[in-house]
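To start, the structure itself, in structure tokens.
Just so it is clear: chains get the letters A, B, ... in the order the sequence lines come, proteins before strands, and each one is counted from 1.
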Amino acid sequence: MGPGVEASTQKRRIEALYAQLLSAYGPQGWWPLSSRAGKRGFDGRGYHPRAYVHPRTAGGRFEIVMGAVLTQSSSWTNAESALDRLRNAGIRLPSDVRSCTRGRLARLIRSSGYFNQKARKLKEVAALFRAAGSLAREAAPSRVELLSCWGIGPETADSILLYAFHVPSFVVDAYTRRLLSRTGIIEDDRQDGYDDVQRIFHDALPSAHELFNEYHALIVEHAKQHCRARPVCTGCPVRVCRYRDGLPRAASP
DNA sequence: CGCCAGGTGGGAT
DNA sequence: ATCCCACATGGC
């Protein structure tokens, strides 16, 4: 939190931002599942957006884990087509990943980018979730345990905790930093580390996974529609922001 | 064509 | 602790 900014002010800003985003975009219903989720072996008929059915099976949960890795620094559509190819190849459980060669995995997930690295990452998370029952709802791994896995950093760890296991751990991504920076809630998107930004949300909000789920999803939707790298400010529902029509302005009071 | 996309790990300073 | 870079495809 910036110097001189009261915690109650910070809390109001975070709450107001959520209200504006929810009002503008409506409930997002994350996590998005692969486009054919609902066919055999997968739970949830729905698909992103706004048709979320929370995962009940190990396969559904592990698909979220794989999706969280595949979408690292790449678009969801690219990650999703990789998920589709994994599903079509019958790869939906850690054991399926383990019995697939690294090279074949890389070929299947080519569209997600960084495919050699990500093939290794899938191997690593498959090893992490190897134990029977490790994907059970009540067997959520600890954050430290996730972070100790090669290929899982703080954002991926929190995505897995929140969206696969419903543990209320707020997900901070590049979009979150950009939005908080532009609205003046943080100084700039480099100043604060991951845990600092996460703490802003944890301090301001009740610790509820449904709320954290929606808030992060709304930030992503908002970042795609308006708060892009090159801002699209026409029709932007966020009232306090130092940009208008792509031009930097002085921070609002 | 250049920029951007729901990061992470490793190495140099 | 903090920069800097490799990793790579696809959409606009």
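Atom-to-atom, CG of A/D188 to P of C/dT2 comes out at 13 Å; the value is rounded to the nearest Å. The NE2-P distance, from A/H216 to B/dG7, rounds to 9 Å in whole Å. In this structure, A/Y114 atom OH and C/dA6 atom P are separated by 11 Å, rounded to whole Å. Going from atom CD of A/E80 over to atom P of C/dG11 covers 12 Å, rounded to whole Å. Per the geometry, CZ belonging to A/R107 stands 17 Å off C1' belonging to C/dT9, to the nearest Å. Distance A/K224 NZ to C/dG10 C1': 14 Å, rounded to the nearest Å. Atom CG in A/D84 sits roughly 14 Å away from atom P in C/dG10 (whole-Å rounding). As a whole-Å value, the separation of A/N116 CG from C/dT9 C1' is 12 Å.
Contacts of A/F129 classified as ring pair (Phe, Tyr, Trp, His ring centres under 6.0 Å), with partners at least two apart in sequence or in another chain: none.
Across A/L179 and A/L17, no two heavy atoms sit closer than the pair CD2-CD2, 4.0 Å.
Pairs passing the salt bridge (Lys or Arg N to Asp or Glu O under 4.0 Å) check and including a residue from residues 99-118 of chain A, sequence neighbours excluded, do not occur.
Comparing C/dA8 with B/dG10, their P atoms sit 14 Å apart, to the nearest whole Å. To the nearest whole angstrom, the two P atoms, one in C/dC5 and one in B/dC3, are 16 Å apart.
Between A/H209 and A/H166, the two ring planes are parallel [angle under 30°; tilted spans 30° to 60°]. A perpendicular orientation is assigned to the rings of A/F170 and A/H202, their planes being inclined by more than 60° (bins at 30° and 60°).
Along DNA chain C, the nucleotide closest to A/T77 and the one closest to A/S73 are compared, and the more 5′ of them pairs with A/S73.
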Protein-to-nucleotide contact annotation, 5' to 3' order, nucleotides 8-13 of chain B [B base; S sugar-phosphate only; - none; under 4.0 Å, heavy atom]: SSS---
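Look at A/R177 and A/D192 and you find no salt bridge, because none of the NZ, NE, NH1 or NH2 atoms lies under 4.0 Å from a carboxylate O.
Phosphate proximity of B/dA5 to A/N78: absent, as no side-chain N or O sits under 4.0 Å from OP1 or OP2. Under 4.0 angstrom from either OP1 or OP2 of B/dC4 there lies no side-chain N or O belonging to A/R178.
A/A174 comes within 4.0 angstrom of the backbone, heavy atoms only, and of no base.
Here A/K121 contributes atom NZ and A/F115 contributes atom CZ; the two are 13.5 Å apart, rounded to the nearest 0.5 Å.
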